[in-house]
Amino acid sequence: MRWSTALWVWGALVFVFIYTPLAVVVLYSFHTGTIIAWPLELGTLKWYGVLAHDRGMIAAVWASLKLAILAVVIALLVGVPGAFVLDRAEFPGKAAFRQLVLLPLILPGIITGVALLSYFSFLHVSLSSGYPVIPGWPVVIGHGAALTSIVVTQVFARLQRVDRALEEASADLYANDWRTFWLVTLPTIRTAVLGAALLVFTLSLDEIAVTFFLIGRQNTLPLEIWGLLRRGITPEVNAVATLIFAVSLVIIVWWARLMRDPHST
Amino acid sequence: MTRGAKTLGVAFPVVWVIVTLLLPYALLLVQSFWRLKAGVITHEFTFDNYRRLFGTPVYPHTILYSAGVAARVTVASLLLAYPLAYLLAFKVGRHKQLMYMAVIIPLWVSYLVRAYGWKIILGTNGILNGLLMAVGLTHAPLGIFLYNRAAVVLALTHIYTPFALMPIYAVLESIPASLKEASQDLYGSRWRTFVHVTLPLSFPGVMAGCTFAFVLSMGDFIAPQLLGGSDSALMVSNLVWSLFGVAYNWPLGAAVSVVMLLLTLGLLWLASRLEARWNYTGARVGAPAATA
């Protein structure tokens, strides 16, 4: 009995440990003082006002959103066929393909970052190419390359559980391969694809290690915050961090519900 | 689908992965054998970078220092994650899924926010100092909490604990209840059941969790720069960061990266071998981020 009590206390403490820094950041975004110091004085929204007028921050938000959307598009375009390849195709080097596609997930981001930086520099591709329409081709391709692994693993896991008899039934009923794909296969992996897109979107919004090396003239949101943090801390950072926290939370809860939906395969 | 469309469907992802991942990693390897002459990278083959890397004590030292930080983070994450994973797998009843989500949600929520929170807690004007002064343990704020290795270890432990928890939880979940019951039927106490049944069966998950905590914290450069002060310069990832930045010596930076890459791959290979040897339950525990 005493063991089990100790276990519950320990578990509760770990929860406190995990959530305390997040709670602190959120609470201090309503701090009335100019410097972040103890004691906490709650009761202002002025830092959100400061944020709304910070041109650099707003430009960074737009850059991050564009980057995240492009990363999702690329990761889906490559990742969904990639998952099918792993599930169904046989070709020499398939094992190597699997390892390679997962590598950015497992390696520290800095290694992928410097590898891509060297690569684009070797190819004489400017880090600002494509700016100002997009934040830069290298960073877009970098995010796409690093995050494709998320789509591949999520969709592959779903494909492994798909009942192939359904596709065979469709073929037996004289549906051609395209009709089978659109009407049978795609609906069964739909939630996995959407879920993966949401994950890629949040991870891209938060990515620093690869972005840091590939960014051109326009900072992304995390890099803009990173710059502020290195100069010293102001409650404005807390306000933007709180907003990011809220947005990621909404997306992740959405994702979690999608994954728990009993009607999805 | 025509044969052509199918071939294209296979070729497209394969070519993409070659062009955007294989070639960049390969170039990193090649570049580590290039020579830097008067600040210009020349495509001349040389072993100089590796000679300098292993011949100057400061470089191996940063690798050992980072490994030390990573080892501390790994042990701390394991101590925090294992009991919680056990609790979630066996003791929490109805709200199991919800609690599990609550533990891993922070993984997907801003890394920067999580690291930055510690700055507010540990700083000279921070919450910890405020509390210590309020209870009278100290009269002036202490500057000892922030900008050192302990702060980095604390923040990285915070960041990677949910990571370590995922595979441990997955393995504990997959242990058949009948095995524990068999042990209890044979009059094994709870403690003996844990030590002789549950713990050995959970080794593959522990192994996977530890590998990820170790590899990712060793390669981290953001938390160390934010919280580590001058100690952060001793991290190998910061060395790479500076060689590709202000120090401008890409070939040497590439050599350090290649050593990091090989260490990481070696560890992953070792872990997967050990996992396979200890895997009695048949649970798949690899790539926890992917199965989140």
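Each chain gets a letter, A, B and so on, in the order its sequence line appears, and its residues count up from 1. Predicted model, so just to flag it, every value in this text is computed and none were measured.
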Can you tell which of B:L216, B:I120, B:T264 has the highest number of heavy-atom pairs within less than 4.5 Å of chain A?
B:I120
Between A:L103 and A:Q99, is the side chain to side chain contact (heavy atoms under 4.5 Å, CB included) condition met? List the steps.
CA-CA 6 Å; A:L103 212 50; A:Q99 301 286 342; over 6 Å; no
Contact leader toward chain B among A:I18, A:L249, A:L13, where contacts are heavy-atom pairs under 4.5 Å:
A:I18
Mind ranking A:I225, A:T242, A:N238 by heavy-atom pairs under 4.5 Å with chain B and telling me who comes out on top?
A:N238
In terms of heavy-atom proximity below 4.5 Å to chain B, should A:L203 be classed as side chain, backbone, both, or neither?
side chain
Can you tell me which portion of B:L243 sits under 4.5 Å from chain A's heavy atoms? Options are side chain, backbone, both or neither.
neither
Option in A:G11, A:G109, A:P108, A:A196 with maximal non-hydrogen atom pairs under 4.5 Å from chain B
A:P108
Those residues of residues 84-92 of chain B, ordered by number, that approach chain A below 4.5 Å (heavy atom to heavy atom):
B:L84, B:Y86, B:L87, B:K91, B:V92
Tell me, for B:S237 versus chain A, whether the close heavy atoms (under 4.5 Å) come from the side chain, the backbone, both or neither.
both
Residues two or more places apart in sequence or in another chain: which of them pass ring pair (Phe, Tyr, Trp, His ring centres under 6.0 Å) with A:F17?
B:W118, B:H158
Given B:A102, B:A81, B:A134, the one with more heavy-atom pairs under 4.5 angstrom with chain A than any other is B:A102
Measuring heavy-atom distances to chain B, does A:V78 have an atom under 4.5 Å in its side chain, in its backbone, in both, or in neither?
both
Side-chain (A:K94) to main-chain (A:A89) donor-acceptor, under 3.5 angstrom
yes
Quick one: side chain to side chain donor-acceptor pair (under 3.5 Å) pairs with a partner in residues 100-117 of chain A, sequence neighbours left out?
A:T112-B:Y25
Pick from B:L265, B:V215, B:L226 with the largest number of heavy-atom pairs that fall under 4.5 Å of chain A
B:L226
Would you call the rings of A:Y28 and A:H31 parallel, tilted or perpendicular if under 30° counts as parallel and over 60° as perpendicular?
tilted
Taking C-beta and beyond as the side chain, do B:V30 and B:S32 meet within less than 4.5 Å on heavy atoms?
no
Part of B:A115 lying under 4.5 Å from any heavy atom of chain A:
neither
B:Y147 vs B:L122 side-chain heavy atoms within contact, under 4.5 Å
no
When you compare the side chain of B:N238 with that of B:P224, does any pair of heavy atoms fall below 4.5 Å?
yes
Side-chain contact test, heavy atoms from C-beta onward, threshold under 4.5 Å: evaluate it for B:V240 versus B:F221 and give yes or no.
no
Ring centres of A:F181 and A:F84 under 6.0 Å apart?
yes
B:Y160 and B:F212 aromatic centres sub-6.0 Å:
no
Per-residue contact mode, B:I41 against chain A (heavy atom under 4.5 angstrom)
neither
What part of A:I244 gets closer than 4.5 Å to chain B, counting heavy atoms only: side chain, backbone, both or neither?
side chain
With chain B, the option among A:T202, A:V101, A:L22, A:I208 that has the most non-hydrogen atom pairs under 4.5 Å is A:I208
For chain A, find which of B:L112, B:L29, B:T161 contributes the most heavy-atom pairs closer than 4.5 angstrom.
B:L112
Only pairs under 3.5 Å count here: list side-chain donor-acceptor contacts from residues 115-125 of chain A, not counting sequence neighbours, and write none if there are none.
{"unit_1": "A:S118", "atom_1": "OG", "unit_2": "A:V114", "atom_2": "O", "d": "2.8"}
{"unit_1": "A:S118", "atom_1": "OG", "unit_2": "B:Q31", "atom_2": "NE2", "d": "3.0"}
{"unit_1": "A:Y119", "atom_1": "OH", "unit_2": "B:V19", "atom_2": "O", "d": "2.8"}

Kindly indicate whether the side chain of B:L21, heavy atoms from C-beta on, has any atom under 4.5 Å from the side chain of A:P104.
yes
May I ask you to name which of A:V14, A:V85, A:I110 has the most heavy-atom pairs under 4.5 Å with chain B?
A:I110
With a sphere of 6.0 Å drawn around CH2 of A:W254, does it hold more than 12 non-hydrogen atoms of other residues, nucleotides or ligands?
no
Would a 4.5 Å heavy-atom cut-off, applied to side chains only, mark A:V25 and B:R114 as touching?
no
Okay, A:A157 and chain B: the region with an atom under 4.5 Å from a heavy atom over there is neither
Examine whether an atom of B:W241 lies under 4.5 Å from a heavy atom of chain A, and if so say whether it belongs to the side chain, the backbone or both; otherwise answer neither.
both
Chain A: which of B:Q97, B:M218, B:Q225, B:M133 shares the most heavy-atom pairs with it under 4.5 Å?
B:Q225
